[in-house]
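We count ligands from 1, going down the list as the structure has it; atoms in each ligand are counted the same way. No experiment lies behind these values; they were computed from the predicted model shown.
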Amino acid sequence: MNSAKNAPQAAKLTPNLGLKHRNSFGLDSTAEFAYEITSSDQLPSLVRELEDKKLPWRTLGGGSNVILPEFLSGATLLINILGQELIRSDEENTWLSVGAGVNWHELVAWTLEHDLPGLENLALIPGTVGAAPIQNIGAYGVEVGEYIDSIEAFDSVAHAFVTLPQEACRFAYRDSYFKQHPNRYIVTKVVFKIPKTWQARLQYADLAKQFIESNSKPSAKQIFDAVCAIRSKKLPDPKVIGNAGSFFQNPIVGNDQYEQLLKQFPNLVSYPDTTGQRKLAAGWLIDQCGFKGKRVGSVGVYENQALVLVNHGGGTSNDVLNLAKSIQGAVLGKFSVQLEIEPNILR
Ligand code: EPU
């Protein structure tokens, strides 16, 4: 009797749920069986049930980094696990535990309101906390992995909850252990470790430029506001025009290839990479191929940033992927560089 009383409430099932308003690209997509996950306790029995029924499944967070097909057969798990709490503090750090379904930008704003600066360079990135570590979101010289202490996830192979410390998450540029093992782990909670000593991170020229005229050092809140302003100017608001942020990763090339390219294209935009190689600005490569602002039917390339593909309304995943293919072909032809698609293509 007690076990019935303590059993978690089953995840809410909605058959044939339209996902157009649950993906930032605004693609028309229907989930055959959508389950809303509000508590991690719901996962063990649900995953078992889906396996018994031989139903394929995948998770969906904020839908800001995915390309959805018109029909998602099987189960789609909508991760809506909320809650955030300060769990520990010592002289050097504060630890914060956050549910995977919490909105990323709202978390960043909350940390600043609670005098926990550190995440401000990552303001206004769309999506959820649980999705952030998968692609190790990054902007303006900061990557989320630096601030992650550990991640709690349900391991669908071991059928058990696991806690992965930062080292096990293998964070790299737009990459992680979770991204390398798609559909194995369901992230339920992220524990952040925020150092108490704070320093402005202004190595990114676009951001530093904002503070050049004022002599005083900017506060975390001023950096937050500046990042929001830069992003709003450069990147389309998904509520107005569908998009998934950068559509391609900035490609990393070896030094020989870089030197070769630089001879041919002296204006090539690139940065030193942490691995000692060279990271090229994919937006520049695409721009040079004449794609900026180009429209192909319902989809196109954003007019202010060639790295962002947009849905002008009514576009499908095929339209987006065909445009991506022609961009990849043009960049490969002109620069001999292969662009890799950044968002997850769900099937
Ligand atoms: N550029 C062009 N034409 C363009 C776009 C860019 O010439 O149309 C050149 C410019 O010279 C610019 C350089 O490319 O200085 C780099 O562009 P930008 O500063 O806009 O940054 P990015 O490399 O395009 C990356 C991230 C963004 C992140 C910004 C800021 C990737 C794939 N993208 O973009 O992340 O916000 O840096 O740090 O690493 C995202 O992942 O969705 C995303 C928006």
Evaluating non-hydrogen atoms only, which member of [options] is closest to [atom]?
| atom | options | answer |
| --- | --- | --- |
| atom 7 (O) of ligand 1 | Y204, Y302, W284 | W284 |
| atom 39 (O) of ligand 1 | F291, F247, F248, Y173 | Y173 |
| atom 35 (O) of ligand 1 | E143, E342, R174 | R174 |

Under 4.0 Å between a side-chain nitrogen and a carboxylate oxygen: does that hold for [X] and [Y]?
| X | Y | answer |
| --- | --- | --- |
| K53 | E49 | yes |
| K196 | D90 | no |
| R278 | D273 | no |
| E113 | K221 | no |

In terms of residue, atom name and distance, what is the protein heavy atom nearest to [atom]?
| atom | value |
| --- | --- |
| atom 33 (N) of ligand 1 | S246 OG, 2.9 Å |
| atom 6 (C) of ligand 1 | Q305 OE1, 3.6 Å |
| atom 15 (O) of ligand 1 | Y271 OH, 4.4 Å |
| atom 14 (O) of ligand 1 | A281 CB, 3.3 Å |
| atom 25 (C) of ligand 1 | N250 ND2, 4.1 Å |
| atom 3 (N) of ligand 1 | D287 OD2, 2.8 Å |

Does the Lys NZ or Arg CZ of K279 fall within the cation-pi geometry relative to Y173 - under 6.0 Å from the ring centre and within 45° of the axis?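 Relative to the ring axis of Y173, which defines the angle, K279 lies inside both limits.
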Report, in ascending order of atom number, the atoms of ligand 1 lying under 4.0 Å from any heavy atom of [X].
| X | answer |
| --- | --- |
| A306 | 4 (C), 5 (C), 8 (O) |
| Y140 | 30 (C), 38 (O) |
| G245 | 42 (O) |
| K292 | 3 (N), 4 (C), 8 (O) |
| A139 | 36 (O), 38 (O) |
| K234 | 18 (P), 19 (O), 20 (O) |
| R231 | 36 (O), 44 (C) |

What do you reckon, does Q135 put a non-hydrogen atom under 4.0 Å from ligand 1? no
Contact bool for atom 31 (C) of ligand 1 (protein heavy atom, d < 4.0 Å): yes
Output yes when a protein non-hydrogen atom is found under 4.0 Å of atom 10 (C) of ligand 1, and no otherwise.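 No, no protein heavy atom sits under 4.0 Å from atom 10 (C) of ligand 1.
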Atom pair CG (D175) and CD (E143), whose distance is rounded to the nearest 0.5 Å: 10.0 Å
State the CD-CG distance between E36 and L17, to the nearest 0.5 angstrom.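 Separation between the atoms: 9.5 Å.
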Would a hydrophobic clustering, with Ile, Leu, Val, Met, Phe, Trp and Tyr connected at side-chain separations under 4.5 Å, put V296 with F248? yes
Using the side chain to side chain contact (heavy atoms under 4.5 Å, CB included) definition, which of the options L164, V190, V191, N136 pairs with I148?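 Running side chain to side chain contact (heavy atoms under 4.5 Å, CB included) over L164, V190, V191, N136 with I148 returns exactly one hit, V190.
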I'd like to know whether the aromatic ring centres of [X] and [Y] sit less than 6.0 Å apart in this structure.
| X | Y | value |
| --- | --- | --- |
| F192 | Y147 | no |
| F154 | Y185 | no |
| H312 | Y302 | no |

